[in-house]
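These notes concern the structure reproduced below.
Just so we're on the same page: letters track the sequence lines, and every chain starts at 1.
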Amino acid sequence: MSEAITTPSNFIRNIIDADLADGRRTEVVTRFPPEPNGYLHIGHAKSICLNFGLAESYGGRCHLRFDDTNPAKEEDEYVEAIKRDVAWLGFDWGDHLYFASDYFDQLYAWAVQLIKDGKAYVDSQSAEQMRANRGTLTEPGVDSPYRNRSVEENLDLFERMKKGEFPDGAHILRAKIDMASPNLNLRDPAMYRILHAEHHRTGDTWCIYPMYDFAHGQEDSIEGITHSICTLEFEAHRPLYDWFIAQLGIHAPQQIEFARLNLSYTVMSKRKLLQLVEEGLVSGWDDPRMPTISGMRRRGYPAAAIRNFCERIGVGKADAWIDLSVLEDCVREVLNESALRRMAVLKPLKVTITNLPQPEVACRGANHPQQPERGERELLLTREIYVERDDFMEDAPRKFFRLAPGREVRLRNACVVRCDEVIKDDAGEAVELLCSCDPETFGANPADGRKIKGTIHWVSAVHGRQLPVRIYDRLFREENPDKAGDFRDCLNPESLLETRAWVEPALLEVAPGETVQFERTGYFTADAVDSKPGAPVFNRTATLRDSWAKLKK
RNA sequence: UGGGGCGUCGCCAAGCGGUAAGGCACCGGAUUUUGAUUCCGGCAUUCCCAGGUUCGAUUCCUGGCGCCCCAGCCA
């Protein structure tokens with residue numbers, strides 16, 4: 001029997017199943033509606049996977065729509081970056097690429113319609129007055145003195161707002177609902193504001209722009225969205241969206257809210273990410289430490305890992321804090337299957353094999369031990385090699401299965417060596433190890449049956465090369481950087497360590513964007529920006545699990 | 001002291017009146033020329049609390065408690 005691939009159940013699927021079952025809906029049309037004011041992050045990935053995933057599994061479609069109603073913050077660079085990221089994640093919006101700005105004429109016509117119906121009016125209070133008259137959480141608001149302007153006057157004023165006769169802030173179009181509503185969003189919310197700003201798509205053809213609240217629901221309606229999925233903070237806005245849709249008498253999408261993703265040891269607000277970029281605290285939106293899609297891509301996280309992650313964490317309405325280890329596990333799961341195995345030494349310690357029978361001994365190393373069909377490459381063992389400093393200890397505990405005076409260890413893909421002598425510098429620091437090898441152990445276990453517990457990696461000092469490597473760690477040292485006052489205070493000073501590693505020759509040919517496993521160390525990806533042909537620069541994507549590190553504690 | 005949500009293992013999460021899935025983390029143990037991978041095994045008599053309905057409640061009702069969101073001419 002074949003194993004059924006089951007998509008985890010969640011409350012949104014339950015709602016859709018019910019809608020489909022009772023005929024309330026006959027198809028599923030969703031959308032991912034980013035504002036092009038920044039780069040996408042892992043939280044957006046959750047929404048993208050949800051929306052596109054739902055459309056896919058119900059045989060519907062998912063639109064990519066840019067919510068570009070605020071020209072002051074939006075740019076084409078972001079539009080392009082967002083498209084790139086969604087496509088890279090593996091989703092296809094087909095012909096369904098839309099912009100809120102495509103609907104500006106329609107939105108304007110609807111605003112005029114509401115004015116004519118006596119459902120909207122032009123207010124001329126200042127922003128401060130409006131705020132003062134809005135009331136508080138416990139007290140009702142006060143009607144604006146302009147609330148009962150005639151339809152004619154409202155129409156005239158709104159048209160002149162559009163024509164550019166007034167400066168920013170002079171007037172504003174408001175919905176006439178209820179200044180005493182316990183839901184503040186219903187206290188005559190703003191619909192259109194005057195903004196003499198250049199829009200990234202419509203240029204200067206408009207100087208009034210719809211508010212998100214007056215645009216979003218109608219955009220969904222125009223596109224025939226059936227299930228409008230958004231995050232929890234819009235729950236209290238739903239009655240307003242429903243009100244506009246009802247007044248206008250147009251198709252009503254169903255809004256469903258879910259809890260946004262929170263990841264430990266990172267921040268997720270676009271404002272804070274922008275700040276990190278603008279203040280130069282990271283190298284850019286695609287800095288490999290950023291929780292952005294582009295940062296993770298550059299770091300080497302496979303798209304499949306991010307998709308798995310989004311599936312694994314589920315969808316609910318309870319505030320969720322996901323542990324970073326869940327993401328890392330998803331990354332390792334994919335990379336363990338796909339990455340070729342190579343050897344590289346991060347912190348070198350010289351070893352001389354005093355009795356190597358020939359100047360160089362040809363060895364073979366599997367490209368992937370669990371996938372023999374991927375072949376093997378040749379490795380030349382020479383008299384002088386480098387091993388990892390951490391693989392040697394002067395006074396080693398019993399359980400240390402590596403090099404120590406008098407102890408034996410296996411050189412990965414080669415032979416068994418014993419540490420005979422430690423050469424130290426003036427400071428007493430080991431600078432070189434003199435070892436003797438057992439020539440009978442190339443591709444074989446010791447003939448006398450003695451067990452060699454440890455295997456360490458190495459790089460030939462004559463055939464190896466040095467390459468730049470960037471060791472990345474979590475960007476913040478607090479689980480929740482938002483809770484600690486200024487989030488910048490808990491940046492991890494060791495989130496990036498630039499170093500050089502000794503690598504085996506095959507590593508010179510790793511293509512930009514390709515990920516390999518440095519055996520016993522971690523997964524490393526050739527940086528897509530800084531690598532040159534034949535000279536990759538490696539980013540550490542993820543470490544391997546390390547039960548020895550745990551044991552040490 | 002307004003309104004809207006949420007509360008199942010350390011972190012997520014299924015469950016929809018019939019006697020607590022799964023993942024991550026964690027702890028054992030096996031295999032291993034990566035202390036990796038893989039593989040076995042352990043990990044909530046209990047579902048925020050207190051009452052109630054019921055033969056039976058995490059699921060229904062009532063009342064508490066706790067947490068989150070809303071007073072932008074941001075989205």
Is the closest basic N to carboxylate O distance between [X] and [Y] below 4.0 Å?
X        : Y        : value
A/Lys272 : A/Asp482 : yes
A/Arg31  : A/Glu223 : no
A/Glu235 : A/Lys317 : yes
A/Glu328 : A/Arg474 : no

May I ask you to check whether A/Gln125 and A/Ser144 show a side-chain donor-acceptor distance below 3.5 Å?
-> yes
For A/Ser325 and A/Asp329, test the side chains for any donor-to-acceptor distance below 3.5 angstrom and give the result as yes or no.
->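 A/Ser325 vs A/Asp329: no donor-acceptor pair found between side chains.
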Under 4.0 angstrom, heavy atoms only, what part of the nucleic acid is [X] near: base, sugar-phosphate, or nothing?
X        : result
A/Glu328 : nothing
A/Lys399 : base
A/Ile313 : sugar-phosphate
A/Ser9   : sugar-phosphate
A/Ala180 : nothing
A/Asp319 : sugar-phosphate
A/Val315 : sugar-phosphate
A/Arg410 : base
A/Ala414 : base
A/Gly454 : nothing
A/Arg341 : base
A/Ala127 : base
A/Arg174 : nothing
A/Pro33  : nothing

Compare the minimum distances between each of [options] and the side chain of [X], then state the nucleotide with the smallest one.
X        : options             : value
A/Leu184 : B/C6, B/C16, B/C70  : B/C70
A/Thr69  : B/G35, B/A75, B/G2  : B/A75
A/Arg193 : B/G35, B/C11, B/C73 : B/C73
A/Ala318 : B/U34, B/A25, B/C6  : B/C6
A/Thr138 : B/A75, B/A71, B/G2  : B/G2
A/Lys550 : B/G5, B/C27, B/G3   : B/C27
A/Asn10  : B/C12, B/C16, B/A14 : B/A14
A/Pro182 : B/G23, B/G3, B/U34  : B/G3
A/Tyr212 : B/A13, B/A75, B/U34 : B/A75
A/Ser547 : B/G35, B/C73, B/U34 : B/G35

Donor-acceptor pair present, [X] side chain and [N] base, under 3.5 Å:
X        : N     : value
A/Gln370 : B/U38 : no
A/Arg402 : B/G35 : yes
A/Asn37  : B/C74 : no

Starting at atom CH2 of A/Trp321, determine the distance to atom C1' of B/A13, rounded to an integer number of angstrom.
->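 For the pair A/Trp321 CH2 and B/A13 C1', the rounded distance is 18 Å.
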Measure the distance from CZ on A/Phe309 to C1' on B/C12 and round it to the nearest whole Å.
-> 9 Å
Which sits closer to the 5' end of RNA chain B, A/Gln125 or A/Lys317, going by the nucleotide each is nearest to?
->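 Closer to the 5' end of RNA chain B: A/Lys317.
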Rounding to an integer number of angstrom, what distance separates [N] and [M] when you compare their [atom1] atoms?
N     : M     : atom1 : value
B/C12 : B/C6  : C1'   : 15 Å
B/C24 : B/U38 : P     : 9 Å
B/C47 : B/U19 : C1'   : 13 Å

For B/G23, does the O4'-C1'-N9-C4 (purine) or O4'-C1'-N1-C2 (pyrimidine) torsion place it in syn, i.e. within 90° of 0, or in anti?
->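 Because its glycosidic torsion lies more than 90° from 0, B/G23 adopts the anti conformation.
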Residues in ring-ring contact (aromatic ring centres under 6.0 Å, His included) contact with A/Tyr192, at least two apart in sequence or another chain |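 A/Tyr192: ring-ring contact (aromatic ring centres under 6.0 Å, His included) contacts with A/Phe158, A/Phe214.
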